[in-house]
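Reviewing the structure listed below.
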Amino acid sequence: LGFDIDSVKVNNSSQEERNKYNILVSKYLTKHILVGYTTSLDQQYHSVFSLYNIGPKLNLDFSINEKQEKWYGVMYRTTF
């Protein structure tokens with residue numbers, strides 16, 4: 001898997017444009033554990049995260065950002 005970012009376009013775009021887009025890379029390590037990394041185009045903001053699938057609709061989440069702030073969460077998916 002490969003990807004390319006045009007650094008000239010990134011450097012010439014406004015701060016507002018750069019804040020609108022993120023790059024996310026993730027991989028399932030096992031059937032239930034997902035780990036990943038996300039960053040803004042200007043690399044000002046970034047975080048590492050993990051997700052554990054408890055069941056088909058329930059996940060536990062953990063994330064830590066560039067300021068070492070931790071976030072814990074529970075995600076439940078439903079349709080209506």
Side-chain angles (χ1 to χ4, degrees):
L1 173 68
F3 62 92
D4 190 19
I5 298 174
D6 189 341
S7 62
V8 173
K9 285 184 180 179
V10 171
N11 291 334
N12 291 333
S13 58
S14 70
Q15 184 64 38
E16 182 179 341
E17 289 172 327
R18 284 182 282 193
N19 287 339
K20 288 182 185 178
Y21 300 100
N22 291 316
I23 297 170
L24 178 126
V25 178
S26 62
K27 171 130 177 88
Y28 273 95
L29 298 180
T30 69
K31 183 178 177 181
H32 299 284
I33 299 173
L34 175 76
V35 295
Y37 175 80
T38 184
T39 184
S40 57
L41 285 177
D42 61 2
Q43 298 179 349
Q44 182 177 356
Y45 304 104
H46 56 272
S47 65
V48 175
F49 67 90
S50 63
L51 182 132
Y52 179 74
N53 294 324
I54 295 173
K57 294 187 175 189
L58 189 62
N59 297 327
L60 293 177
D61 305 322
F62 171 74
S63 177
I64 187 166
N65 67 12
E66 73 281 347
K67 297 177 185 174
Q68 301 300 310
E69 297 170 329
K70 296 175 183 168
W71 181 86
Y72 302 91
V74 176
M75 178 174 37
Y76 181 80
R77 291 184 300 273
T78 187
T79 57
F80 50 98

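Everything numeric in this text was worked out from a predicted model, so none of it was measured. Positions are given from 1 along the sequence.
- The NE2 atom of H32 sits 12.0 Å away from the CG atom of L51 when rounded to the nearest 0.5 Å.
- The minimum heavy-atom distance linking D61 with M75 is given by the pair OD2-CB, 3.7 Å.
- With values rounded to the nearest 0.5 angstrom, Q44 atom CD is found 8.0 Å from E66 atom CD.
- Between the CG atom of L34 and the CG atom of L29 there is a distance of 7.5 Å, given to the nearest 0.5 Å.
- Smallest separation of non-hydrogen atoms from N65 and S47: CA-CB, 3.9 Å.
- With S50 contributing its side chain and V35 its backbone, the two residues share no donor-acceptor pair below 3.5 Å.
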Between L58 and V74, is the side chain to side chain contact (heavy atoms under 4.5 Å, CB included) condition met? List the steps. CA-CA 7 Å; L58 189 62; V74 176; 3.6 Å; yes
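- Between the side chain of S40 and the backbone N or O of Y45 there is at least one donor-acceptor pair closer than 3.5 Å.
- Connectivity analysis of hydrophobic side chains (ILVMFWY, heavy atoms under 4.5 Å, direct or indirect) links V48 to Y37, F62, I64, Y72.
- With rounding to the nearest 0.5 Å, the separation of CD1 in I33 from CG in N59 is 12.0 Å.
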Would you please test I54 and Y76 for side chain to side chain contact (heavy atoms under 4.5 Å, CB included) and show each step? CA-CA 10 Å; I54 295 173; Y76 181 80; over 6 Å; no
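- Note: the hydrophobic cluster containing W71 does not contain Y52 (ILVMFWY, side chain heavy atoms under 4.5 Å, direct or indirect links).
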